[in-house]
Amino acid sequence: MQHTISVLVENEFGVLARVASLFSGRGFNIDSLSVAPTNEEGLSRMTIVTRGDDNILEQITKQLNKLIDIIKVIDFTDGSAIERELALIKVSAEDESRAEVLRIVDIFRAKIIDVTPKSYTIEATGNPLKIDAILELLRPLGLKELVRTGSVAIGRGAKGWTG
Amino acid sequence: MKMNGARIMLECLKKEGVDTVFGYPGGTVINIYDELYNFKEIRHILPRHEQAGVHAADGYARATGKVGVAFATSGPGATNTVTGIATAYMDSIPLVIVTGQVPTALIGNDAFQEADIIGITRSCTKHNFLVRDVKDLATIMKKAFYIARSGRPGPVLVDLPKDVQIAQTEFIYPETIEIRGYKPNLIGHPKQVEKAVDLLLTSRKPVIYVGGGVVLGNAAEGLTSLARKLSIPVTTTLMGLGSFPENDSLSLGMLGMHGAYCANMAMTHSDMIIAVGARFDDRVTGKIATFAPHAKIIHIDVDPTSIKKNVRVDLPIVGDVKDVLTKMIKQADKNKEKVAEFKDALVGWHEDIAGWKSKHPISYKQSSTVIKPQFVIQKLRELSDDDAIIATDVGQHQMWTAQFFEFNKPRTLLSSGGLGTMGYGLPAALGAQVAFPQRQVITICGDGGVQMNIQEMATLVQNRLPVKIVILNNNFLGMVRQWQELFFDKRYSQTCMEMPIDFIKLAEAYGAKGFSTSKPSEVEKVIMQGFKEPGPVIMEFKIAREEKVLPMVPAGASLNEMVLNA
Ligand SMILES: Cc1ncc(C[n+]2csc(CCOP(=O)(O)OP(=O)(O)O)c2C)c(N)n1
């Protein structure tokens with residue numbers, strides 16, 4: 001099963017390499033990983049999307065916790081977090097397909113951020129499933145290029161999650 | 001007072017109570033060695049290879065319980081330490097390794113003798129640090145020692161660029177440090193302990209299964225009193241040997257691949273396994289699917305990742321094993337009546353175990369014409385001091401030592417269990433002898449592995465370290481040969497050493513003494529001669545060449561499917 005794990009880390013030299021080598025060294029999967037500084041000085045937050053059964057997930061969270069530079073680890077089980085992803089999508093758009101692309105962009109509340117006579121570049125954000133859905137509709141029209149950020153996740157409710 | 005980084009590093013060692021360092025100089029640590037020149041508080045031992053330096057620091061750490069310290073220069077010096085570090089990491093041995101690094105401005109430029117040792121050792125250290133600013137050095141050193149020795153111990157590497165060694169700053173050693181992401185959980189949860197004791201007292205066929213964590217956590221005493229109080233049989237892993245006296249009637253000896261029949265049978269038939277500081281390694285469990293099929297498992301370990309990694313666990317307790325065992329004893333004392341009932345009900349279980357013990361004790365066939373390796377080990381036990389420290393290398397001789405040398409005290413066996421590093425024994429013995437100049441230190445090696453760090457003979461002689469080097473010479477890479485015999489139709493591919501070595505001359509070349517025999521009748525004499533020598537000695541025993549380590553659970557088989565004599 002797919003899990004989204006949020007990890008609060010010291011913004012230390014090499015911390016990303018430590019996390020990445022933990023996953024590769026122990027044969028855990030990474031579907032996506034994103035990392036950037038948080039509002040707290042010296043801390044970064046990683047969102048890692050991974051897969052595995054309960055035992056593997058337990059090992060992943062324990063092993064992450066064991067890394068010295070990692071402060072907190074949360075496995076967001078379904079529903080406890082809001083997830084968003086951003087995608088930049090370059091799609092062919094000529095003649096009659098131009099209108100079709102615009103319609104899809106509109107339905108998904110995405111944005112056109114670059115236009116040429118032969119293409120549109122689209123910015124879409126949303127739950128990763130929503131990104132998958134817009135891609136499915138755009139693919140038959142001719143996807144030229146795709147860049148996704150991977151998920152970021154934040155817990156629901158009033159409470160902030162800090163170091 | 002202002003000092004340079006090199007001096008600050010040494011002052012930090014002093015603050016941590018370090019009085020011995022094993023290290024090897026070079027261009028990027030020359031400033032450290034210059035400071036060391038007049039630094040009288042630290043004894044520096046110069047091994048002949050950096051790998052051996054780290055093994056020596058490791059042997060020192062295992063024998064004393066203190067943090068072992070090693071230095072090496074950048075590039076090849078640093079990469080030479082890697083096997084030593086990985087060995088310590090797999091067995092959770094506290095070390096601090098300081099490596100020189102090229103100046104910060106050159107890092108990443110493929111400078112002369114640059115190696116990314118931080119990257120290289122990331123997965124075989126508990127943690128590592130690159131010091132970029134001399135102002136951080138003291139704090140990093142303090143963190144390094146704290147991380148190395150606390151929680152589940154392990155090696156920590158500090159990479160110190162040359163310019164940081166030269167840069168000056170005020171030396172202030174922090175009183176305390178705070179590492180947000182590192183708070184080892186040492187206190188066993190009292191409710192869990194209570195539940196564990198309740199659960200334990202419902203069992204009728206309990207076994208305590210002990211790993212190296214009990215030795216590392218200085219919990220042998222607590223373990224022994226709990227086992228005796230509840231009359232529960234105890235089996236240990238290779239790393240756990242010495243944590244429970246093997247001459248106690250409750251001892252089952254070692255379990256696992258080359259473990260005792262009674263130990264493996266007890267595990268297989270047990271209804272309650274209390275695992276203490278052990279990690280259910282595949283050499284111990286055999287085939288996981290059929291491991292201890294009837295047992296509930298209580299698992300006590302300071303490292304939460306060890307729990308439920310390989311086997312299901314019914315009741316986990318995360319905490320320092322000493323703390324947890326002490327609490328368990330107290331809890332048992334509160335339930336005197338239940339404990340008495342429990343012990344009464346164990347009679348049948350003890351009978352089962354006595355049956356297994358007498359059915360297939362660890363044994364071998366003596367010979368009057370060739371030396372049996374097991375006989376040498378028994379004689380060594382008989383003739384050595386009670387508190388002798390034994391360092392083994394890796395291979396058949398290691399298993400024979402585990403089987404036939406009775407270990408009754410913690411920290412008397414130094415052996416590379418997790419990584420199984422050939423070449424470990426001699427330098428580890430060296431480190432232990434540095435720590436305990438007055439105690440008998442013996443290393444038991446094969447003729448293969450002893451040659452992997454044989455150059456340390458020079459270090460022994462130079463430093464007057466009277467390590468007794470026992471070589472069980474079968475002229476084979478014996479353990480691999482055994483597998484080839486059993487599982488590859490005796491196709492002895494590259495395991496016969498062909499060319500015999502004159503170990504007596506070799507000893508003499510280093511200025512040590514050498515004795516050798518191939519006669520069973522001379523074993524005792526050679527051992528006595530060797531022990532009497534005031535200096536380091538090689539004692540070579542030319543043994544039965546194709547003797548096997550038995551019993552054996554073939555890789556992938558269940559614990560109760562032992563090959564008893566093949
Ligand atoms: C550094 C290293 N290389 C290879 C091995 C694989 N290995 C394990 S035991 C063994 C044979 C050891 O032979 P020897 O030292 O003569 O001891 P014996 O088994 O004969 O007692 C080998 C090659 C190892 N454990 N370590």
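Here is how names work: the chains are called A, B, and so on, in the same order as the sequence lines, proteins then strands, and each is numbered from 1.
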query: Which region of A:Ile68, side chain (C-beta onward) or backbone (N, CA, C, O), has a non-hydrogen atom less than 4.5 Å from a non-hydrogen atom of chain B, or is it both or neither?
result: both
Measure from the side-chain N and O atoms of [X] to the backbone N and O of [Y], and report whether any donor-acceptor pair falls under 3.5 Å.
X	Y	answer
B:Gln101	B:Ala115	yes
B:Glu114	B:Gly108	yes
A:Asp69	A:Val9	no
B:Asp281	B:Arg283	yes
B:Asp91	B:Gly418	yes
A:Asp114	A:Thr121	no

message: Tell me if the aromatic rings of B:Tyr182 and B:His127 count as close, with their centers under 6.0 Å from one another.
response: no
- prompt: Relative to chain A, which segment of B:Ser123 carries a heavy atom at a distance below 4.5 Å: side chain, backbone, both, or neither?
  reply: neither
message: Which atoms of B:Leu130 are under 4.5 Å from chain A, going by heavy atoms: the side chain, the backbone, both sets, or neither?
response: side chain
field: Ion pair A:Arg103/A:Glu100, N-O distance below 4.0 Å
entry: yes
field: From CA spacing to verdict: side chain to side chain contact (heavy atoms under 4.5 Å, CB included), B:Arg279, B:Asn310
entry: CA-CA 8 Å; B:Arg279 61 191 174 87; B:Asn310 300 333; 5.6 Å; no
task: Hey, could you give me the SG/CD1 distance between B:Cys12 and B:Ile140, rounded to the nearest 0.5 Å?
output: 10.0 Å
Under 4.5 Å, heavy atom to heavy atom: which of [range] reach chain B? Give them by number, or say none.
range	result
residues 142-155 of chain A	none
residues 14-28 of chain A	A:Gly14, A:Ala17, A:Arg18, A:Ser21
residues 45-66 of chain A	A:Glu58, A:Gln59, A:Lys62, A:Gln63, A:Asn65, A:Lys66

- line: Applied to residues 132-158 of chain B, the salt bridge (Lys or Arg N to Asp or Glu O under 4.0 Å) test, sequence neighbours excluded, yields B:Glu16-B:Arg149, B:Arg152-B:Asp303
query: Closest approach of B:Cys124 and B:Ile85, non-hydrogen atoms and distance?
result: O-CG2, 3.2 Å
message: If only side-chain N and O atoms count, and only distance matters, is there a donor-acceptor pair under 3.5 Å linking A:Thr4 with A:Glu83?
response: yes
- request: Give the C-alpha distance, both sets of side-chain angles, the deciding distance and a yes or no for side chain to side chain contact (heavy atoms under 4.5 Å, CB included) between A:Glu10 and A:Leu43.
  value: CA-CA 5 Å; A:Glu10 296 282 359; A:Leu43 296 189; 4.1 Å; yes
